[in-house]
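Convention: sequence-line order gives letters A, B, ...; per-chain numbering from 1. The model shown is predicted, which means the values in this text are computed figures rather than measured ones.
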There are 2 protein chains.
Amino acid sequence: MRGAQGDLLRLVAAGHAESRAELARLSGLAASSVSLRVEELIGSGLLVEEGAGTSRGGRRPRRLRLSPSAGLLAVADLGAHHARLGLLDLSGTPLVVEERPCEIADGPEATIDWMAGAFEDLLAAHGPPGVPLRGVGTGIPGPVDPGTGRVVAPSRMPGWNNFPVAERLGAHFDLPVLVENDANLMAAGEARSWPKCETLMVLKAGSGIGCGVIVNGTLHRGRGAAGDISHVRVRSDSSVTCSCGHDDCLEAYASGAALMSVLNEQGIEVRRPADVVALVEDGVPEATALVRNAGRLIGEVLTVLVNFINPDAIVVGGSLSPAEPLIASIRAAVYERCLPLATRDLEISTTRSGPDAALLGAGSLLLDAVLA
Amino acid sequence: MRGAQGDLLRLVAAGHAESRAELARLSGLAASSVSLRVEELIGSGLLVEEGAGTSRGGRRPRRLRLSPSAGLLAVADLGAHHARLGLLDLSGTPLVVEERPCEIADGPEATIDWMAGAFEDLLAAHGPPGVPLRGVGTGIPGPVDPGTGRVVAPSRMPGWNNFPVAERLGAHFDLPVLVENDANLMAAGEARSWPKCETLMVLKAGSGIGCGVIVNGTLHRGRGAAGDISHVRVRSDSSVTCSCGHDDCLEAYASGAALMSVLNEQGIEVRRPADVVALVEDGVPEATALVRNAGRLIGEVLTVLVNFINPDAIVVGGSLSPAEPLIASIRAAVYERCLPLATRDLEISTTRSGPDAALLGAGSLLLDAVLA
DNA sequence: CCATCTTCCTTCGAAATCGAAGTTATGGCG
DNA sequence: CGCCATAACTTCGATTTCGAAGGAAGATGG
């Protein structure tokens with residue numbers, strides 16, 4: 001499982017390689033060495049050979065897959081009022097995904113212990129017998145210190161500040177543990193769906209605004225807050241003070257929460273970002289105008305970032321992302337204002353990985369820990 | 001010179017390793033393999049053993065250095081009206097650096113051929129006899145396509161658009177050729193002076209405004225324009241149209257050229273950014289106010305980027321950088337407006353590599369090509 | 001349907017790499 | 001000053017990895 005052996009497994013699990021030949025190309029090892037190694041991995045039950053792939057003009061490759069019994073990963077994505085939970089095999093394929101209500105405001109101990117219980121439930125109900133759990137991971141709607149696995153200065157998670165989430169979760173399972181910001185997980189998940197993109201910006205537009213950055217194919221964490229765009233100052237006529245203490249933060253104008261509060265003030269009742277999307281689809285002009293304005297503001301911020309890191313694609317996800325005017329106005333702002341060189345082949349589109357992106361990302365990152 | 005052999009040389013040349021033991025630690029090879037390899041490299045005259053290093057509690061390491069006769073690199077940094085030219089040994093140490101007048105507006109053919117001639121001059125005058133030239137490189141004050149070595153849509157370089165600079169330079173020397181944006185080279189040069197920083201933003205404040213980004217210790221190129229911040233829209237009362245066609249670009253307010261044109265309109269004659277710095281040092285209030293405002297605008301843009309990529313340090317270089325109020329107001333803006341997590345250990349300071357940063361960066365990047 | 005080209009994978013001797021044990025040099029400490 | 005802990009190399013047999021050659025399986029094109 002360690003070292004070069006792990007490298008090969010990782011390449012197969014991550015979906016980068018499907019045959020011995022591809023492994024040889026990607027790992028840099030000689031074809032003969034790869035064959036030897038693969039034989040061992042098959043012998044130890046971690047890899048299985050599964051039919052033949054499609055020919056590329058010569059003999060067909062013998063397709064390799066991680067054995068379904070090689071192990072499981074239990075992953076979660078915590079939101080403010082609910083959590084998505086899932087069980088993945090080591091290739092990152094979900095066996096089961098569930099959404100359960102869960103109040104993050106109940107505090108870290110209660111929430112994490114609840115999560116551990118939910119994982120046990122899932123395992124009992126859907127885990128194939130004899131297949132070991134190999135790692136657990138969760139996304140958190142706030143900044144996470146990459147070194148310690150602690151939550152750092154979250155804005156809407158009372159009681160969580162500086163809490164050692166990874167440690168607490170690890171106390172339930174003696175296994176590799178991953179704790180990461182939810183937008184970062186989403187980015188890691190999307191990255192698997194955009195294999196040709198080295199640099200990726202993944203926007204999470206939900207009740208809050210988050211963003212994850214993939215540079216050179218790997219998640220860029222910075223000090224744990226990398227990708228944060230919610231507290232950028234935007235150009236606006238009025239003046240709103242954000243929860244962070246500064247004026248005119250993007251989040252105060254363009255987040256789902258901000259849109260909802262404006263709509264509610266106007267007497268249009270909404271309770272979740274999805275309600276806003278529904279209003280837009282029903283052609284309610286107030287909602288459409290608001291969403292369009294939010295997209296413009298987000299787009300103007302992205303403009304700066306696109307010039308700066310020249311991503312290959314911008315992916316928009318989160319519960320607000322199905323609203324067409326949002327992405328349309330983001331596109332308009334970015335294409336209008338960015339440098340031609342930066343937008344020449346830039347793709348801006350909605351999620352390819354769907355609502356489970358964060359869970360898939362957790363799986364992808366956990367794998368690195370499990371196969372280290 | 002190839003493969004693993006090159007890896008060892010690179011580690012020594014880049015200053016990361018000074019002894020066999022350090023090479024073993026950093027390269028991941030077994031100590032015995034390193035010894036063998038090093039012996040060969042010494043035998044072929046590329047490495048030399050030079051005295052003993054300082055003990056870390058046991059036997060002293062035998063210090064390794066690249067042989068002064070291992071090779072030379074010829075590097076240049078083109079500006080609008082002058083060029084810096086230098087000769088480096090393979091460890092990146094300059095043997096000579098000269099500044100010569102040179103009009104980039106003369107067009108690419110004339111400029112590049114002139115550069116080739118200047119390199120020959122330097123070699124004849126300062127090159128130790130028998131030491132071969134191993135690579136040439138140059139910085140360009142405009143975007144460079146990393147794949148082709150062509151200039152792409154530069155703003156103030158008439159006749160250069162889409163010109164294959166690398167190819168033309170390569171026609172003079174049958175050697176590895178490097179062509180890169182000047183701010184990017186500066187960033188690569190600074191990176192060597194900030195070994196503990198994985199993520200670095202290097203601002204070049206001269207007649208224009210440029211920026212290079214180091215992510216994970218390596219230069220982030222994007223599509224060739226990465227790091228561009230000069231055409232970000234800034235918040236301002238008036239409205240100025242930039243050469244790029246958009247309104248209120250940062251460059252139109254905060255670049256050395258913009259400052260100079262305002263001062264000249266006010267009847268204060270300045271010809272180069274350095275003159276502005278001199279005025280500030282003399283306490284001329286118009287100049288100080290302008291520079292302070294420029295710093296504030298730049299700082300507000302950096303705010304967004306600091307939240308986004310969480311650099312370990314921001315380095316300010318370029319001919320405007322000695323002006324104290326510039327960096328002071330950049331600091332003020334960034335520390336005031338960024339997230340605490342992002343500024344907690346963020347260092348903002350002037351260049352450590354000095355005016356030759358770009359040449360050193362060219363050396364550093366060329367080395368990778370030469371020892372590939 | 002047969003020759004030819006590609007690609008995938010294995011075989012096997014040569015070469016590189018490892019790693020455990022040993023050697024040399026040094027600082028610290030009683 | 002002698003002893004020990006530590007670090008920097010070396011030596012040398014065991015192991016891995018390589019790579020050239022060849023076999024297997026399929027595409028292509030007459």
Discussion item. Whole angstroms only, please: what is the CZ-C1' distance between A/Arg59 and C/dT7?
Written reply: 9 Å
Practice prompt. Give the rounded distance in Å between these two atoms: CG of B/Asp7 and P of C/dT17.
Written response: 11 Å
Worksheet item: Hey, does the side chain of A/Arg60 come within less than 4.0 Å of D/dG26's phosphate (OP1/OP2), counting only N and O?
Response: yes
Worksheet item: CG of A/Leu36 versus C1' of D/dT17: gap in Å, rounded?
Response: 9 Å
Worksheet item: Which part of the nucleic acid, if any, lies within contact of B/Glu49, taking any heavy atom under 4.0 Å across all strands shown: a base, the sugar-phosphate backbone alone, or nothing?
Response: nothing
Practice prompt. Select base, sugar-phosphate, or nothing to describe what A/Ser55 touches, counting heavy atoms under 4.0 Å on all strands.
Written response: sugar-phosphate
Practice prompt. Kindly indicate, with the supporting measurements, whether the criterion side chain to side chain contact (heavy atoms under 4.5 Å, CB included) is fulfilled by A/Leu73 and A/Leu367.
Written response: CA-CA 8 Å; A/Leu73 304 174; A/Leu367 212 72; 4.2 Å; yes
Practice prompt. Select from A/Gly57 and A/Ser32 the residue whose nearest nucleotide in DNA chain D is closer to the 5' end of that strand.
Written response: A/Ser32
Worksheet item: Just by distance, do the side chain of B/Arg134 and the backbone of B/Ala70 share a donor-acceptor pair under 3.5 Å?
Response: yes
Practice prompt. Check the distance between C/dC9's C1' and A/Ile42's CD1 and give it to me in whole angstrom.
Written response: 12 Å
Fill in: Distance-only donor-acceptor test, A/Arg56 side-chain atoms vs C/dT7 base atoms, 3.5 Å
no
Worksheet item: Between the side chain of B/His220 and the main-chain N/O of B/Ala226, is any donor-acceptor distance below 3.5 Å?
Response: no
Worksheet item: Whole-Å distance between D/dA25 P and A/Arg63 CZ?
Response: 18 Å
Worksheet entry | Side-chain N or O of A/Arg62 closer than 4.0 Å to phosphate OP1/OP2 of C/dC9 | no
Item to complete: For A/Arg37, report the nucleic acid contact type (base, sugar-phosphate, nothing); a contact means any heavy atom under 4.0 Å.
Response: sugar-phosphate
Practice prompt. Measure the shortest side-chain to side-chain distance between B/Val97 and B/Leu359 over non-hydrogen atoms and say whether it is less than 4.5 angstrom.
Written response: yes
Discussion item. Check this for me: does any side-chain nitrogen of one of B/Glu180 and B/Arg221 sit under 4.0 Å from a carboxylate oxygen of the other?
Written reply: yes
Discussion item. If the threshold is 4.0 Å, N to carboxylate O, is there a salt bridge linking B/Glu50 and B/Arg65?
Written reply: yes
Discussion item. Can you list, in residue-number order, the parts of residues 11-25 of chain B that come under 4.0 Å of DNA chain C, counting heavy atoms only?
Written reply: none
Discussion item. Does D/dC18 have its OP1 or OP2 closer than 4.0 Å to a side-chain nitrogen or oxygen of A/Ser33?
Written reply: yes
Worksheet item: Under the side chain to side chain donor-acceptor pair (under 3.5 Å) test, which residues partner A/Ser91, sequence neighbours left out?
Response: A/Asp89, A/Thr93
Worksheet, complete the sentence: Atom CG of B/Leu26 and atom P of D/dA8 are separated, to the nearest Å, by 12 Å
Worksheet item: Whole Å only: how far is the CG atom of B/Leu29 from the C1' atom of C/dC18?
Response: 10 Å
Practice prompt. By nearest nucleotide on DNA chain C, pick out whichever of A/Gly58 and A/Ser35 is the more 5' one.
Written response: A/Gly58
